[in-house]
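Working notes, beginning with the structure itself.
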Amino acid sequence: MAVFSLFDAEEKALEQARALRRSLADAPEAVRDGLDTLIGAYDSSVREQRRLVKVSDRLQGQLASLNQELGKRKAEAEEALANLRAAQDSLIQSEKLASLGALVGGVAHEINTPVGVALSCASHLADATDAMRKLFEADDIGIDDFERYMATARDTSALIVGNCERAAALIRSFKQVAVDRTSSERRSFELGSYIRETLASLGPHIRQAGHRVTVDCPDGIVMDSYPGALSQVLSNFVMNSLVHGFDPGTGGAIVITVDRPTSGQVRMIYSDNGKGIAPGNRSRIFDPFFTTRRGAGGSGLGLHIVYNLVTGPLEGGVAVDSPPGGGASFTVTLPQAVSQ
Amino acid sequence: MAMENFKIAATERSPEVNFDFDGCRLSLRGESYPEDASTVFGPLFSALERFLATIGEREFVVEFDLTYFNSSSAKALMNMLKLLDHAARDGARISVSWLFAPDDDTMKEFGEDFSEDLEHVAFNLVAVEPAA
């Protein structure tokens with residue numbers, strides 16, 4: 001088999017021309033010279049073509065390698081992005097758990113007070129009873145002793161009953177909030193009381209710092225939605241005010257106003273009178289990991305979770321505003337009944 | 001002696017070649033920018049020359065379905081087309097289809113450019129949606 005040559009036809013033409021030139025040894029000089037010039041020019045043109053083909057083949061090969069490299073890099077970048085998204089999701093999950101932890105901490109603190117009071121009353125009553133038993137065994141009880149003991153027993157038992165009732169009521173309201181927060185189940189609930197229950201579980205955080213919360217919500221708005229998500233949204237707003245809005249040591253005010261702009265729609269305006277949000281940050285405030293408190297405990301996920309919950313399961317919208325009078329204001333618009 | 005069919009699987013840099021001698025069909029599909037054009041086109045040329053010598057009255061259908069080729073492949077393709085054109089001039093019935101994606105103007109222009117140098121084969125430019 002002949003060796004394959006891309007320029008086979010050109011080589012043959014050149015060979016024929018050279019043979020022709022040899023056969024014209026006796027032709028006039030002008031013909032011979034002219035033919036020599038033509039053959040030389042064609043020969044160099046074919047060599048030029050070979051060079052050009054080689055050069056452009058090399059360029060095209062490099063281009064193909066670069067394209068492959070580009071494809072590889074793109075796949076790598078896409079994988080890195082997917083990993084980042086997964087990491088972001090898992091951070092959001094742990095942030096949700098952390099805020100559930102804060103809720104449980106608040107509940108524990110809130111219940112600790114009535115239980116502590118009840119415990120010290122019970123212990124005081126036990127001591128008094130023990131002292132009475134000793135006097136009784138010594139047959140030495142005076143009228144004064146008896147009257148004092150009766151007063152102690154009446155006061156302590158009233159305090160025990162009152163504080164246990166308070167603890168039981170707290171546990172009842174926390175239980176619903178905690179169940180909603182962890183179960184993400186859809187159910188019917190009365191909006192005003194649910195907002196108050198959620199705020200009660202955040203009570204210690206708010207009261208310790210000396211802040212006031214006002215809820216202005218018409219009675220009888222029954223939602224068919226996800227109370228856990230709503231409770232999380234509200235908690236994150238409150239924690240945002242406490243961490244970012246209010247300077248330490250200054251008592252702030254939080255106002256939650258609810259109305260119904262159209263039938264089937266609920267509008268909740270959450271506002272505080274804190275430092276407000278710088279105009280440059282307003283467009284980024286719902287972005288994941290955006291925080292002005294990096295390194296000081298801010299994860300940058302609180303309001304991102306708010307955004308996800310409101311636009312996701314709650315099927316609503318959320319907007320941020322910094323009113324001229326100062327402070328921050330969030331407007332959450334929700335359907336009274338979600339579609340799924 | 002019956003010739004065996006000639007097939008080359010596509011590689012990353014060379015097209016799939018399917019030469020069905022009995023069915024009188026030849027097709028090239030894919031991309032062509034091999035390191036060395038002679039490894040791909042050398043055997044194909046030999047097979048084509050042997051086949052054209054035996055073609056007789058049968059109609060030979062050749063299909064080019066290429067999405068990319070380099071300069072030496074372009075030269076090799078032109079050489080192939082010239083070989084076919086000479087065979088057609090000598091009486092063989094040959095039809096060539098040049099396939100291109102509707103949005104690939106470059107490949108369409110290459111087809112038009114090649115066809116200008118051909119006089120005897122039936123040359124068809126065919127716009128084909130690429131298989132998904």
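Sequence lines set the chain letters: A, B, ... in the order given, protein chains first and strands last, and positions in each chain run from 1.
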Heavy-atom pairs under 4.5 Å with chain B are the metric here; pick the option from A/Gln49, A/Glu10, A/Arg50 that has the most.
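Option with the top pair count is A/Glu10.
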Heavy atoms only, distances under 4.5 angstrom: which of A/Val55, A/Asp57, A/Asp8, A/Leu52 has the most pairs with chain B? Name it, please.
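Going by pairs under 4.5 Å, I would pick A/Asp57.
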Quick one: are [X] and [Y] in side-chain contact, heavy atoms under 4.5 Å?
X        : Y        : result
B/Leu48  : B/Phe19  : yes
A/Ser329 : A/Val320 : no
A/Leu234 : A/Ser231 : no
B/Glu49  : B/Leu83  : yes
A/Arg21  : A/Arg32  : yes

Members of residues 90-119 of chain B whose heavy atoms come closer than 4.5 Å to chain A
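When heavy atoms of chain A are the reference, residues 90-119 of chain B contributes no residue within the under-4.5 Å range.
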In residues 29-41 of chain B, which residues are in contact with chain A at a heavy-atom separation under 4.5 Å?
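When heavy atoms of chain A are the reference, residues 29-41 of chain B contributes B/Tyr33, B/Ala37, B/Ser38, B/Phe41 within the under-4.5 Å range.
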Measure from the side-chain N and O atoms of [X] to the backbone N and O of [Y], and report whether any donor-acceptor pair falls under 3.5 Å.
X        : Y        : result
A/Thr311 : A/Tyr307 : yes
B/Ser73  : B/Phe69  : no
B/Asn18  : B/Ser27  : no

To the nearest 0.5 Å, what is the distance between CZ (A/Arg58) and CG (B/Asn70)?
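Separation between the atoms: 13.5 Å.
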Distance in Å, A/Gln62 CD paired with A/Gln60 CD, rounded so as to fall on 0.5 Å steps:
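Reported to 0.5 Å precision, the distance equals 10.5 Å.
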Measure A/Leu63 against the heavy atoms of chain B and call it side chain, backbone, both or neither at under 4.5 Å.
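Side chain of A/Leu63 only, per the 4.5 Å heavy-atom cut-off to chain B.
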Can a cation-pi geometry be assigned to B/Lys75 and A/Phe7, taking NZ or CZ under 6.0 Å from the six-membered ring centre and within 45° of the ring axis?
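Yes; both conditions hold, so B/Lys75 lies above the ring face of A/Phe7.
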